[in-house]
> 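Questions regarding the structure given below will be posed in turn.
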Amino acid sequence: MEYSPKNIESKWQKIWDDEKAFKAGTDYTKPKYYALVEFPYPSGQGLHVGHPRPYTALDIVARKRRMQGYNVLYPMGWDAFGLPTENYAIKNHIHPKLVTEKNVAHFKNQLHAIGYSFDWDREINTTDPRYYHWTQWIFLKLFKAGLAYKSSMPINFCPSCKVGLANEEVVGGKCERCGAEVVRKVKSQWMLKITEYAQKLIDGLEDVDYVERVKVSQKNWIGRSEGAEVDFKLSGKEESLRVYTTRPDTLFGATYMVISPEHPIIEKYAAEITNLDDIKKYQEEASKKSEFERTELVKDKTGVILGGINAINPVNGKEIPIWISDYVLMTYGTGAIMAVPAHDDRDWDFAKKFDLPIIEVVGGSTVPVTEAAFTDVQTGVLCNSEFLNGLEVKEAKKKIIDWLEEKGIGTRKVNYKLRDWVFSRQRYWGEPIPIIHCPKCGYVPLKEEELPLLLPEVDSYEPTDNGESPIAAMRNWVEVACPCCGGKAERETDTMPQWAGSSWYFLRYIDPLNDSAFASKEAIDYWMPVDWYNGGMEHTTLHLLYSRFWHKFLYDQGYVSSKEPYMKRTSHGMILGEGGIKMSKSRGNVINPDDIIAEYGADTLRTYEMFIGAFEESASWSENGVKGCRRFLDRVFKLNDIVVEGDAYSKELEIKMHQTIKKVSEDFENLKFNTAIAAMMALVNDFYKIGKITKGELKTFLVLLNPVAPHITEEMWEMNGFDGRLYKTSWPAYEEAKTVEDSVEIAVQVNGKTRTTIIISRTASKDEAIAAAKEAIADRLAGQTIIKEICVPGKIVNIVAK
RNA sequence: GCGGAUGUGGCGGAAUGGCAGACGCAGCAGACUCAAAAUCUGCCGGGGGUGACUUCGUGAGGGUUCGAGUCCCUCCAUCCGCACCA
């Protein structure tokens, strides 16, 4: 009989649905396993060939875990708020809700056709009011805890999307989504104090099993640094200028200071500044530059001196000038620095340009500090620094900070690059922020009983030109009575960013229909944390960081019982087009998974995506590779023709069977799906080589292949009259003792070069092995003196001879 | 500039410090066929040899080791992050 995936696949998909085969149980006494993949944004383009890679990988894990007796939760849902849907709605005058519904239906059909073992009873959608009820609820908790605040500050604004962006959404100075140049705009925005969790987000990484590159990126993004804040007295004034430095040891080399153009001291002493016009001009230029232009690889430093005001270096009492330059950012540290040109590249550049003194205070450089800054902290020794002279950098840091603290002019300080999360968008298609602005009472949270605050219907979804959300025009929605004083008040018209819904969705899956809480305590205690979460590297500093932050907050509030949401995080590589180029519409090389399923079947698609290469690395698509996997499944199906009776493994293949069970079991755990499949291909080759397969062998083989190719294996299980359903079977066991052959082929080397191989008993002693090896290469050893004999049992014998 | 990764046949890719190239693709030869496709069998890194064999070979150069694709040092190339964070 011919292998016909079309019939087989729809047949089994229906059976699995009818039997609720993959429903996560509520028997909380069973061991649980929570496998999670990032839920997709249901775009109009439908499923991309990149989606099935991670979904199949964890589907394999989930199916294997079920067969190992776990109560498995492997859910799927829709991260459906977002700009593309809204833009499509604007263009076509369709309600985004309808667009979303249509796209979700399409996505769901596509995913269904691939045969994933998702528990569809737990499907969630971030745009569903029953879902965003709890997104808003968490926001209120954040607000009440003082972690959500409104702030007027320069933000990254995309003039094309007409929306403010979080720092994480700005890539190379451009809008992550549309690619337009981002400009700086001062706006009043809701912010979340993720910075308050900076240290916890770093510390938590110690307790989880994430791939190293994810940990490293998160740590770099949070950007912890240790140093000191130091006060520099302004000459002739009581006030001081506070700086942050990681090199307090170089304080004696601070020959000038630099402040950011936005630094408040400029306004404060405007009257005393002698060159105010120049400064105003400089400020204006700086404000016009986008954040990107300001921080772009600027070789040429710009700046202007703050005329009429000087500072005093606290360690030596010397009067030093203050400069203004946009290489100092108001948003980091104190917005002011002490400049040590001898030991900082940027200060060195600036000093060279404006001819400022360079004083060496750390010796050990091979070139004089007039040639280049010496920034090495490992080898340097302090000089020209009075009581610090002769100390190594590390000791000097400690000593100077102690000294500063004692004198009350400085203090130890840790800083982070991480900035607070810009949490409001002037857009329609997002969760309304449940806050009412009362002129008397300020920002008043909506009562929790009033949630969800529904997104109102509007005529136009387009953001207004003055940068307000389209819902701002809905006056009857906006104008409300203050819940606090009853007076006239207005609702917040900004909505939440796309990242809100995904920051806690893994908690909703565990109890998706609960109307009285985001999830019951019992369910949370049972299911959390997620055991294995796979997702894209591109979310490392976005979704992954945000959701860890929210989860840690919920933990601190007592709503969840684990400090970290995800125990294990892995990341898949991208799938590129043929020839290693990115798939894109403009190149016309986009592969639609539907076409692959139609031509080769879902099992082939699944097998190919797992066989394509190392899971964590990017791989390029190859139609011939797909064909190869189909050929493999054809050969699998044709095993039906050579099945013979017998539950036992045949003598020829017994060891091979045990080896393959071991290999596949281990490889599935370690993301090595490609080699697991290779091992199964090799086993199939062996079945054909000996011309038969026993029923016992076939049973085991089908179970091993099932997680990868669930339809064909389930069909063959039935065809061969095996008991019940394959998906209800147990994962096969192997005996370690039977994974090794009685006799082994070992290499015989002379001076490290393999000369021949011999077959000896696995239990042969070293002496026996060496004796046998010597005999095999006796002619080569003739006339030589044996210096050394090395034997690694089961591997090699190496004779060192002269 | 900083951080991370990668570099192995014609291609995708395998190899706890122990026979480099598993498995797949492509290619070549043969079987089947009127023929083609599909399928099956065999070969398939380079040089040398009719041959059993031999020699070179994992980006380059050094080193450690009886033995290195794998460990260490230096360099080159490519990709991905971050980027004036004091």
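Order of the sequence lines fixes the chain letters, A, B, ..., with proteins taken first and strands second; residue numbering starts at 1 for each chain.
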> Heavy atoms only, 4.0 Å cut-off, all strands: where does Gly333(A) land among base, sugar-phosphate and nothing?
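Answer is nothing: Gly333(A) stays at 4.0 Å or more from every strand.
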> Taking only N and O in the side chain of Arg635(A), is any of them less than 4.0 Å away from OP1 or OP2 of U39(B)?
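Result: no.
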> Hey, is the side chain of Arg631(A) poking within less than 4.0 Å of OP1 or OP2 on C23(B), counting only N and O atoms?
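Answer is no, no contact under 4.0 Å.
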> Do Arg224(A) and Gln199(A) have side-chain atoms, one donor and one acceptor, less than 3.5 Å apart?
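Their side chains do contain a donor-acceptor pair, which is all the 3.5 Å distance test asks for.
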> Can a side chain N or O of Lys753(A) be found less than 4.0 Å away from OP1 or OP2 on C56(B)?
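Yes, such a contact exists.
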> Go nucleotide by nucleotide along RNA chain B from the 5' end; which of Lys788(A) and Ile677(A) gets its closest nucleotide reached first?
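The residue closer to the strand's 5' end, by nearest nucleotide, is Ile677(A).
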> For Glu38(A) and His539(A), test the side chains for any donor-to-acceptor distance below 3.5 angstrom and give the result as yes or no.
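Distance-only check passes for Glu38(A) and His539(A).
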> Classify the ring geometry of Tyr332(A) against Tyr244(A): parallel below 30°, tilted from 30° to 60°, perpendicular beyond 60°.
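Correct class here is perpendicular.
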> Which one is paired to A20(B), where only Watson-Crick or G-U wobble pairs with both distances under 3.5 angstrom count?
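With both distances under 3.5 Å required, A20(B) matches none.
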> Watson-Crick or G-U wobble partner for G27(B), using a 3.5 Å limit on both distances?
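Base partner found: C43(B).
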> Under the rule for side chain to side chain contact (heavy atoms under 4.5 Å, CB included), what residues qualify as partners of Ile690(A), not counting sequence neighbours?
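For Ile690(A) the side chain to side chain contact (heavy atoms under 4.5 Å, CB included) partners, ignoring immediate neighbours, are Ser650(A), Glu652(A), Leu653(A), Lys692(A).
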> Tabulate below the donor-acceptor pairs under 3.5 Å that side-chain atoms of residues 604-616 of chain A make, not counting sequence neighbours, or state none.
residue, atom, partner, partner atom, Å
Thr604(A), OG1, Tyr600(A), O, 3.1
Arg606(A), NE, Val708(A), O, 2.8
Arg606(A), NH1, Asp59(A), OD2, 3.1
Arg606(A), NH1, Ile114(A), O, 3.1
Arg606(A), NH1, Gly115(A), O, 3.1
Arg606(A), NH2, Asp59(A), OD2, 2.6
Arg606(A), NH2, Pro707(A), O, 2.9
Thr607(A), OG1, Asp603(A), O, 2.7
Tyr608(A), OH, Ser622(A), N, 2.9
Glu609(A), OE1, Arg53(A), N, 3.1

> Considering heavy-atom distances to RNA chain B, does Ser622(A) or Ile337(A) have its closest nucleotide positioned more toward the 5' end?
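It is Ser622(A), whose closest nucleotide lies nearer the 5' terminus.
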> For a quick check, with a 4.0 angstrom heavy-atom cut-off, what is the B/S/- contact string for nucleotides 11-21 of chain B, read 5' to 3'?
-BSSSB-BB--
> On the 0 to 90° scale, with breaks at 30° and 60°, tag the Tyr256(A)-Phe350(A) ring pair as parallel, tilted or perpendicular.
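Judged by the thresholds at 30° and 60°, the geometry between Tyr256(A) and Phe350(A) is parallel.
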> Is the shortest side-chain N/O distance from Asn624(A) to OP1 or OP2 of A26(B) below 4.0 Å?
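Checking Asn624(A) against A26(B): at least one side-chain N or O falls below 4.0 Å of OP1 or OP2.
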> Contact class for Arg224(A) vs. all strands (heavy atom < 4.0 Å): base, sugar-phosphate, or nothing?
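Nothing, no nucleic acid heavy atom in range.
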> Think Tyr688(A) has a side-chain N or O under 4.0 angstrom from the OP1 or OP2 of C40(B)?
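So the side-chain polar atoms of Tyr688(A) never come under 4.0 Å of the phosphate oxygens OP1 or OP2 of C40(B).
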